[in-house]
Amino acid sequence: MGIKMKTAILTAPGRIEIRESGVPEIRNEDDVLLRTSLVSICGSDVHYFSEPRVGDLELRYPIRLGHECAAVIEAVGPGVGRVKPGNRVSVEPAVSCGRCDQCLAGRPHTCRYLRFLGSPGQLDGALAEFLVMPERNCHILPPKMSWTEGVIAEPLSIGLWAVEVAGEIKGRTAAVLGAGPIGLSVCLSFRVEGGRSLFVTEKVPARIEAARMAGATWTGNPLVADIVAEILALEPLGLDFVFECCGQQEAVDQAVLLLKPGGTLVMVGIPIEERISFDISRLRRKELRVQNVRRQNRCLDRAIELIASRTIDARFMATHTFPLGRVQEAFETVFNRRDGVIKAMISIEG
Ligand SMILES: [Zn+2]
Ligand SMILES: [Zn+2]
């Protein structure tokens, strides 16, 4: 009570300021108080940072962003039994209700009453020294795992889920269109599940390099090459899967051309436009399946395990770290894709 903490607050489009606010308090029996250690900036955070309007949502300032975070448990509510003060955790940012039809059907990620960390109008984000979250949102990190790896587990879990909903991967072929952090997470996950050829396209040169580290067997830049012709020259029958990871109409069109009949288009990217169109004749003649991905469902512990055992090494994604005081510069770096940035981390403590 009366104790203050530092937070980073979006006060207007393109402007983040450090402000003080009260430390949040444990309200529910199963709440925990977390001392935030590291937060990484997600593409969706940058969306909110740069645009006063996202989809049909008109933003109202101030907003506290951030949802990819690792923290130490500082205190626990009376009903908490699984985690203890001192545990280091990766935070699952989606708080589901546990009672609606979706939650009861094992789909908490599409909960009817979902509240998301750092999503305007839902929950204040992780860019703060302290946070309160339910115990069930805290996933314990093994002792040897770094904070960086603990944070990267969250975007990696989305790649694992995208590959899981796609279907049987072993020995099959795929393209990942867009090698941002989520596209790279899909690449790592596809390879871990035994996928064979992995074609990755990306316009930013530094990310093409990263795609190779993530397991791409072929890379191409759609700005300088006809990537559809080049991939089909190598795989004349077409691909089993295409993971659309950039939210661009042009990538959706490429996906429809690249897939073999009966193939699956997995929509992972978040389009800026409200509508995307398909070449319906091709989609129908090839009987393509279109599968959307809404974040992830219960893949965070698996992501932590795969990283801890070094089955997946995703450290190359963490290209930049900024202290909380330089959060504005961190967001600008990611927004402008400056300096070969893939993921920028904000160190909250110290
Ligand atoms: Zn994210
Ligand atoms: Zn629910």
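When a ligand or atom number is given, it counts from 1 through the structure's own listing order.
The nearest N/O/S atom of E68 to the Zn ion (ligand 1) is OE2.
In this model, no donor atom of one side chain and acceptor atom of the other lie less than 3.5 Å apart for S146 and T148. For the residue pair R115 / Q122, no side-chain donor-acceptor distance below 3.5 Å is found, with atom types taken as modelled.
Vertex the Zn ion (ligand 2); arms to C100 SG and C97 SG; angle rounded to 10 degrees, 110°.
Residue contacts to the Zn ion (ligand 1): D45 brings no N, O or S atom closer than 2.8 Å.
Classification of the F116-H67 ring pair by plane angle, with boundaries at 30° and 60°, yields tilted.
Between D31 and V76, every side-chain heavy-atom pair lies at or beyond the 4.5 Å cut-off.
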